[in-house]
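Provided herewith is a single structure, encoded as structure tokens, for subsequent inquiry.
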Amino acid sequence: MAVNSRPLPTLPVLPDAATEQVLASGLLPELAYAFGGPFHFLLPDAFDANLWDMQGALAAAGVDGFVYFAKKANKAALFVERAAAGGAGVDVASVAELREALGHGVRGEHLVVTGPAKDPALLHLAVQHGAPVAVDALDELDTLVTIALTGRIRPARILLRALPTAQPHSRFGLTEAELATALDRCVQAGDAVRMEGFSFHLSGYALQPRADLAARLVELCLKARVQGLEASRISIGGGLPISYTDADSWHTFLTEHKSSHYHAGKTFHTGDFYPYHSPLAGADALAALLATQPQAHEHSLARLLRDAGVLLLLEPGRALLNQAGATVFRVQGVKERDGYQILTVDGTSLSLSEQWFNSEYLPDPILIPQDPDSPEGAFPASVGAATCLESDMLTWRKISFPRRPRTGDLLVYPNTAGYQMDSNESPFHDLALPPKVVVDHTDEPRPRWRLDRHFT
Ligand SMILES: *Cc1c(COP(=O)(O)O)cnc(C)c1O
């Protein structure tokens with residue numbers, strides 16, 4: 001149906017066989033009945049494939065590297081288990097995340113501890129378990145040295161996190177002067193510290209600034225070695241983009257979307273949207289990054305790393321979770337408005353976390369009608385939550401559904417495993433947190449399911 005005469009722009013997700021098999025299997029209505037509320041389903045094979053592709057990109061470029069899964073992107077135990085099984089580590093930033101990672105099979109030395117001004121309890125555990133810590137401030141370095149000296153069991157393994165030159169207002173990382181001081185303190189600390197190298201994490205998804213900063217950290221390694229420090233590795237953090245939709249749909253959406261396309265005439269700033277299409281995504285983006293020539297260097301980043309004998313660490317979150325899960329709501333009510341419907345689902349917008357960024361999760365949700373004979377056509381609808389807040393909308397955008405949505409239908413938000421699922425979930429209104437269901441064997445006529453083993 002046309003709104004203001006032109007059809008609404010659509011953002012269909014890229015095809016994914018496993019997700020489509022789950023949708024076609026009839027499992028979702030059964031689970032919705034069993035749980036009586038929204039739930040997430042997780043697809044372990046997708047995580048394994050993403051990890052394998054990234055490790056393959058490193059090998060193809062002849063780069064020695066190690067992948068840490070950035071755990072904050074999803075709380076499920078499943079992905080930690082798959083990381084451990086796939087020869088990856090885990091990036092943790094709290095005692096609870098560290099405990100989860102250890103409890104689900106990741107060895108201490110395969111963790112990396114990141115985040116600002118870390119809890120001393122976390123630093124203690126990192127030293128005990130031989131996990132490297134990305135040091136974010138000088139006082140944190142002092143605490144670590146003290147812990148290592150008093151514990152006298154193991155040295156503190158450290159990376160020094162650099163403040164990105166291109167993002168001077170970031171609250172993370174050490175300035176140039178602080179780095180120099182930190183290096184001196186590492187030298188003084190002697191055996192209490194293993195200064196293994198440097199790290200950064202950039203916001204945004206551009207490759208060139210990452211290649212440039214990585215090259216700068218390689219140079220810092222070479223300088224630190226002159227001071228007698230190990231400086232054998234750099235971590236380039238996360239920020240590998242993923243593509244949710246195709247280039248055409250995304251560009252059409254960006255040029256055509258306007259406030260009349262949203263419930264209540266809501267406006268979003270285009271710049272606040274995640275880039276739902278990237279020409280290079282996931283492992284391809286990593287390969288391109290390794291092939292990028294850093295500014296003022298003659299060779300690719302891969303060559304630079306090889307020549308300097310520097311191990312490349314990366315901490316992808318979102319990119320490892322591409323196509324690794326989706327979120328299912330039941331339509332609890334349908335209301336007619338001026339030319340569109342408002343669907344109310346049995347959960348809240350907090351089970352989709354994009355609101356954190358003054359924006360919303362844009363890929364089109366998929367309607368699974370309860371009645372296979374429901375009318376076909378184009379039915380614009382926005383999606384609201386089962387709460388008493390005017391602003392609690394899962395989708396302000398009017399989605400053009402191909403079937404008429406009805407109470408009892410399911411609404412599947414695809415590809416939500418990376419950050420959308422559970423970053424912001426809360427038991428607001430005493431609503432239960434949506435359970436996570438792991439779906440195995442999606443290629444068989446009857447997929448098997450089990451609950452995720454997350455402890456809390
Ligand atoms: C959040 C974060 C990551 C993961 O970022 P993605 O964009 O999900 O890949 C990696 N490292 C650090 C230090 C982070 O804070």
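Counting convention: from 1, in listed order, for ligands and their atoms alike.
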- What atoms of ligand 1 come closer than 4.0 angstrom to any heavy atom of Tyr419? 1 (C), 4 (C), 5 (O), 6 (P), 8 (O)
- Within 4.0 Å of some non-hydrogen atom of Gly317, the atoms of ligand 1 are 4 (C), 6 (P), 8 (O), 9 (O)
- Task: Go through ligand 1 atom by atom and flag the ones less than 4.0 Å from a non-hydrogen atom of Pro316.
- Result: 9 (O)
- Task: Show which atoms of ligand 1 fall inside a sub-4.0 Å distance from at least one heavy-atom site of Gly239.
- Result: 5 (O), 6 (P), 7 (O), 9 (O)
- Are the charged groups of Asp136 and Lys118 less than 4.0 angstrom apart, N to O? no
- Under 4.0 Å from one or more heavy atoms of Asp91, ligand 1 contributes atoms 10 (C), 11 (N), 12 (C)
- Note on the structure: Arg161 heavy atoms within 4.0 Å reach ligand 1 at atoms 13 (C)
- Task: Go through the steps for Tyr68 and His110 under the test ring pair (Phe, Tyr, Trp, His ring centres under 6.0 Å), then give the verdict.
- Result: CA-CA 8 Å; Tyr68 297 94; His110 288 164; 8.0 Å; no
- Check Ala70 against ligand 1 and report side chain, backbone, both or neither, counting heavy atoms closer than 4.0 Å. side chain
- Query: Taking all non-hydrogen atoms of both residues, which atom of Ala319 and which atom of Met54 are closest, and how far apart?
  - Reply: CB-CE, 3.6 Å
- Relative to atom 14 (C) of ligand 1, which among Lys72, Glu315, Arg318 owns the nearest non-hydrogen atom? Lys72
- Of all pairs that satisfy side chain to side chain donor-acceptor pair (under 3.5 Å), the ones with a partner from residues 285-299, not counting sequence neighbours: Glu219-His297, His299-Arg303
- Query: At their closest point, which heavy atom of Ser249 faces which heavy atom of Pro12, and how far apart are they?
  - Reply: OG-CD, 3.6 Å
- Residues in side chain to side chain contact (heavy atoms under 4.5 Å, CB included) contact with Ala247, at least two apart in sequence or another chain: His251, His277
